[in-house]
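A short worksheet on the structure shown next.
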There are 2 protein chains.
Amino acid sequence: MGVMERVAPRRKKAIAPVEIEADRLLRGDCIAEMAKLPDACIDMIFADPPYNLQLGGDLFRPEGGRVDAVDNDWDKFDTLGSYDRFTKTWLAQARRILKPNGSIWVIGSYHNIFRVGTALQDEGFWILNDIIWRKSNPMPNFKGTRFTNAHETLIWASQGEDAKYTFNYKAMKTLNDELQMRSDWVLPICGGQERLKRNGTKAHPTQKPEALLYRVLLACTKPGDVVLDPFFGTGTTGAVAKRLGRRWIGIEREDSYIEVAMERIEAALPLDESALTIMQSAKGQPKVAFGTLVETGYLQPGTELMDTRRRWRAVVRADGSLSVGNDSGSIHKMGATLQGAPSCNGWTFWHYEAEGGLKPIDALRQTYLLANEP
Amino acid sequence: MGVMERVAPRRKKAIAPVEIEADRLLRGDCIAEMAKLPDACIDMIFADPPYNLQLGGDLFRPEGGRVDAVDNDWDKFDTLGSYDRFTKTWLAQARRILKPNGSIWVIGSYHNIFRVGTALQDEGFWILNDIIWRKSNPMPNFKGTRFTNAHETLIWASQGEDAKYTFNYKAMKTLNDELQMRSDWVLPICGGQERLKRNGTKAHPTQKPEALLYRVLLACTKPGDVVLDPFFGTGTTGAVAKRLGRRWIGIEREDSYIEVAMERIEAALPLDESALTIMQSAKGQPKVAFGTLVETGYLQPGTELMDTRRRWRAVVRADGSLSVGNDSGSIHKMGATLQGAPSCNGWTFWHYEAEGGLKPIDALRQTYLLANEP
DNA sequence: GACTAAAATGAATCTCGGG
DNA sequence: ACCCGAGATTCATTTTAGT
């Protein structure tokens with residue numbers, strides 16, 4: 001690769017997202033097929049690129065070039081260089097068709113993931129996390145010459161440092177028993193009934209488990225979003241997208257995989273809407289102003305509020321501000337001021353006297369929402 | 001899947017390994033100091049280079065405190081290109097002074113590890129494994145914007161595809177309760193008594209845990225081998241090398257770190273052989289989140305759950321929460337809410353309809369564990 | 001001292017929308 | 001583009017303060 005300067009392509013002007021026909025499979029080479037799609041039409045890309053050049057690199061060999069097994073220096077340069085050119089080319093297309101607020105996931109192993117990560121950064125993508133898929137049942141290292149290769153790596157990236165992206169924080173936290181979802185995911189490999197077979201042998205050598213795609217799509221897309229998988233294979237991405245109420249576009253050039261994929265997706269059942277509803281992060285929920293609680297009578301002006309340890313006290317005023325001595329302000333501002341902190345969530349900081357002890361004013365907001373929201 | 005095409009090692013002629021004076025610290029820039037060392041004199045290199053974190057402004061914790069971030073000059077690079085040049089230069093020196101049968105370890109995070117991995121391959125190193133250090137107690141993501149960054153990555157590489165290297169397979173298997181050591185290692189971050197302090201504050205912002213170096217050195221060196229750490233810091237590598245009867249060379253340019261390191265290594269005691277077996281750190285029993293059962297298909301979203309007497313019913317949602325009417329939450333929270341109890345073990349409270357009657361969802365968890373834990 | 005509650009802290013690319 | 005204010009946000013562990 002060498003010492004290429006970082007070239008961070010920046011979009012000159014805002015690009016309007018484009019609606020596109022989805023739930024379909026494009027037969028052909030992923031670079032050629034992506035090239036036919038319009039700019040900014042995809043909400044998320046999930047890619048599981050090949051890392052042997054038999055599949056991906058042929059196009060990028062020098063004209064008439066043939067690998068000479070003897071000339072090792074040239075072979076090495078050509079091999080890594082070809083793979084890098086292949087990666088750079090499909091990533092450039094991916095970047096073009098991805099919406100400004102979209103994000104991309106790429107999965108790989110140590111054979112190729114460092115090339116991919118470097119190319120992502122060089123193209124201007126901004127890495128948000130690297131995720132470790134920790135396999136609960138990996139294949140052992142039979143010869144005992146290395147550590148058991150028990151994981152694969154996924155990279156999650158946005159369009160740039162300041163780009164927005166979808167992250168369903170609360171849904172992930174819920175999925176993980178009310179603890180933040182971490183960057184290491186323990187999931188079994190794809191086997192058993194889930195593993196697709198053709199004539200008794202596995203239909204695809206690297207079929208990914210649906211549970212992996214389930215978590216990726218649940219975390220980073222909204223219902224109705226369009227998900228593109230440029231290396232579709234047997235269509236795990238499509239099947240899970242359908243199940244989760246997302247739309248999908250797959251690109252694949254092997255007829256045998258396409259056949260299996262379409263059959264599989266046809267048979268997949270969408271979850272009904274109630275099951276699809278995910279825990280909303282507080283961001284995006286209908287907002288309730290503290291003043292609303294006062295004017296609707298949930299909290300009387302004059303009520304005294306305090307922190308859990310009754311160290312500070314404030315009085316609710318008719319306009320929804322709090323007063324402490326001669327000072328007054330919002331629930332957040334007063335909480336921050338009293339603690340000498342840069343910020344404070346007033347909803348959880350302030351409490352009111354209730355039967356059985358102090359309760360946070362956030363409980364009142366929940367009560368209000370239950371009674372007043374559809 | 002296939003492996004990337006052969007990348008060949010090439011040494012024009014055999015280089016005779018050289019004996020060198022060890023157990024000493026070289027004060028200065030790592031590239032300049034390595035340049036002074038002869039060819040093929042080092043058995044193993046462990047490197048913890050700057051990560052190039054590119055942090056923005058201050059980050060505040062929810063309770064108000066400020067995160068003490070890495071803001072040292074040694075972690076600042078103008079561009080990705082300048083970081084790549086730095087990496088390529090020190091790796092070229094590392095490769096030169098490393099014996100033909102030696103190996104190299106480099107640790108990093110997603111900020112830099114893809115650059116490092118690419119540079120290693122470009123220099124001709126042959127990656128043997130990537131190892132995931134899964135932190136048992138990482139710092140959370142305070143703002144809820146991404147997945148908790150709960151791991152770091154290490155790359156282990158030999159001089160070339162056909163090069164030999166040291167791997168103490170049996171020692172690793174023993175250390176791991178007679179199971180092959182995997183590529184993911186669960187270890188706590190460095191804190192408590194082990195964390196070196198100066199004037200009450202941490203002596204180095206990124207001190208690595210000794211348990212990590214212990215496993216690396218035990219796996220890939222023999223007693224008496226010379227280990228080089230070009231980014232010595234406060235000398236974790238030297239201290240563990242001394243403990244394990246390996247020799248060490250450290251390179252460091254910050255006087256304050258050097259002072260602490262020398263004092264520390266002076267105080268380190270070599271282990272006698274019987275003590276070598278003590279360092280076990282595989283604590284933590286398998287824990288399964290309810291959401292895992294949903295995303296792995298053990299339980300379908302939409303499934304109805306109920307208590308033994310069918311008094312209460314709830315529906316499983318896609319993110320692993322339960323919904324009852326308009327309310328929703330974790331299996332534990334919903335169980336508690338419905339009963340008006342302060343807490344509830346959702347695993348035993350909730351049941352699903354199965355052949356022969358209701359079964360607790362805990363039975364599914366047991367099934368999952370039997371199938372997926374080694 | 002013993003026990004309990006509170007505070008501190010770790011390689012972190014950590015808000016968002018309106019004016 | 002910047003500025004400002006409302007509002008959302010944390011896990012495991014160790015150390016210190018308090019009873």
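Predicted model only: the values in this text are computed from it and were never measured. Throughout, a chain's letter reflects where its sequence line sits, starting with A, and its residues are numbered from 1.
- Within a 6.0 Å sphere centred on CD of A:Glu304, other residues, nucleotides and ligands contribute more than 12 heavy atoms.
- Closest to the side chain of A:Tyr169, from the set D:dT10, C:dA11, D:dA8, is D:dT10.
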- Message: Please convert DNA chain C into dot-bracket. A pair counts if it is Watson-Crick or G-U wobble with both distances under 3.5 Å; crossing pairs go in [ ] and bases paired with another strand get |.
- Response: .|||||||||....|||||
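- Using atom C1' as the reference point in both D:dA8 and C:dG17, the two lie 14 Å apart (nearest Å).
- In this structure, B:Asp75 reaches the bases: a heavy-atom distance under 4.0 Å links it to at least one base atom across the strands shown.
- The salt bridge (Lys or Arg N to Asp or Glu O under 4.0 Å) analysis of residues 316-341 of chain A, with sequence neighbours excluded, yields no pairs.
- A centroid separation of less than 6.0 Å is found between the aromatic rings of B:Tyr257 and B:His204.
- The nearest whole Å value for the distance from the CG atom in B:Asp71 to the P atom in C:dA11 is 14 Å.
- Counting any heavy atom pair closer than 4.0 Å across all strands shown, B:Gly192 reaches sugar-phosphate atoms only and no base atom.
- Of the P atoms belonging to C:dA11 and D:dT15, the separation is 15 Å, rounded to the nearest Å.
- Under the side-chain hydrogen bond (donor to acceptor under 3.5 Å, both in side chains) test applied with B:Thr236, the options B:Glu194, B:Arg264, B:Glu210 reduce to a single match, B:Arg264.
- Here salt bridge (Lys or Arg N to Asp or Glu O under 4.0 Å) pairs that include residues 173-184 of chain A, with residues two or more places apart or in two chains, are A:Arg182-A:Asp184, A:Asp184-B:Arg134.
- Regarding contacts with the backbone of D:dT9, a side-chain N or O of A:Ser281 is found under 4.0 angstrom from either OP1 or OP2.
- What separates CG of A:Asp130 from P of C:dA12 is a distance of 14 Å, to the nearest Å.
- OP1 and OP2 of D:dA6 both lie 4.0 Å or more from every side-chain N or O belonging to A:His332.
- Between B:Leu196 and B:Lys202 there is no side-chain heavy-atom pair separated by less than 4.5 Å.
- Dense packing is recorded around CZ of B:Arg195, with more than 12 heavy atoms of other residues, nucleotides or ligands lying under 6.0 Å away.
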- What string of B, S and - do you get for nucleotides 14-19 of chain C 5' to 3' if you count protein non-hydrogen atoms under 4.0 Å? BS-S--
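- Inter-residue side-chain proximity for A:Asn101 and A:Thr166 is flagged as unmet; no heavy-atom pair is nearer than 4.5 Å.
- Shown here is B:Asp78, whose CG atom has no more than 12 heavy atoms of other residues, nucleotides or ligands within 6.0 Å.
- Toward the 5' end of DNA chain D, the nearer of the two residues B:Gln193 and A:Lys173, judged by each one's closest nucleotide, is A:Lys173.
- One N or O on the side chain of A:Thr348 and one on the backbone of A:Asn345 form a donor-acceptor pair closer than 3.5 Å.
- Taking atom C1' in both C:dA12 and D:dT9, one finds a spacing of 14 Å when rounded to whole Å.
- At the heavy-atom level, B:Pro209 lies nowhere under 4.0 Å from the strands shown.
- At the heavy-atom level, B:Thr148 lies nowhere under 4.0 Å from the strands shown.
- Between the CG atom of B:Asn137 and the C1' atom of D:dA12 there is a distance of 5 Å, rounded to whole Å.
- Among the heavy atoms of the strands lying under 4.0 Å from A:Asn345 is at least one base atom, whether or not backbone atoms are also near.
- Judged by distance alone, with hydrogens and angles left aside, B:Lys202 brings no side-chain donor or acceptor close enough to the base of C:dA11 to form a pair under 3.5 Å.
- Taking atom P in both C:dG1 and C:dA5, one finds a spacing of 22 Å when rounded to whole Å.
- In D:dT15 the O4'-C1'-N dihedral to the base is more than 90° from 0, which defines an anti nucleotide.
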Can you check nucleotides 1-4 of chain C for protein contacts, nitrogen or oxygen pairs under 3.5 Å, and list what you find?
none

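- In this structure, B:His204 atom NE2 and C:dG10 atom P are separated by 13 Å, rounded to whole Å.
- Taking 4.5 Å as the limit, every side-chain heavy atom of B:Ile45 sits out of range of all side-chain heavy atoms of B:Val227.
- Of the two residues near DNA chain D, A:Glu178 and A:Trp347, the one whose nearest nucleotide lies more 5' is A:Trp347.
- Whole-Å rounding puts the B:Tyr51 OH to C:dG10 P distance at 15 Å.
- As judged by a 4.0 angstrom heavy-atom cut-off over every strand, A:Ile127 is placed among the base-contacting residues.
- We find that CG of B:Leu154 is positioned 13 Å from C1' of C:dA11, with the value rounded to whole Å.
- In this structure, the NZ atom of B:Lys208 is 7 Å from the P atom of C:dA11, given to the nearest Å.
- Proximity of B:Asn149 to the phosphate of C:dT13: a side-chain N or O atom is located under 4.0 Å from OP1 or OP2.
- Using a 4.5 Å cut-off on side-chain heavy atoms (C-beta onward), B:Leu59 and B:Phe142 make contact.
- In this view, B:Cys30 and B:Met34, B:Trp90, B:Pro230, B:Phe231, B:Ile251 satisfy the side-chain contact (heavy atoms from CB on, under 4.5 Å) rule, not counting sequence neighbours.
- Residue contacts for B:Thr206: at a heavy-atom cut-off of 4.0 Å it reaches a base atom on one of the strands shown.
- Among the protein residues, A:Asn176 comes within range of no part of the nucleic acid, since none of its heavy atoms lies under 4.0 Å from any strand.
- Here the side chains of A:Gln180 and B:Asn141 are in contact, with some heavy-atom distance below 4.5 Å.
- Counting non-hydrogen atoms under 4.0 angstrom, A:Arg365 reaches the backbone sugars and phosphates but no base.
- Distance A:Lys333 NZ to D:dC4 C1': 13 Å, rounded to the nearest Å.
- Taking only side-chain atoms of B:Glu63, from C-beta outward, the nucleotide of D:dT10, C:dT13, C:dA11 with the closest atom is D:dT10.
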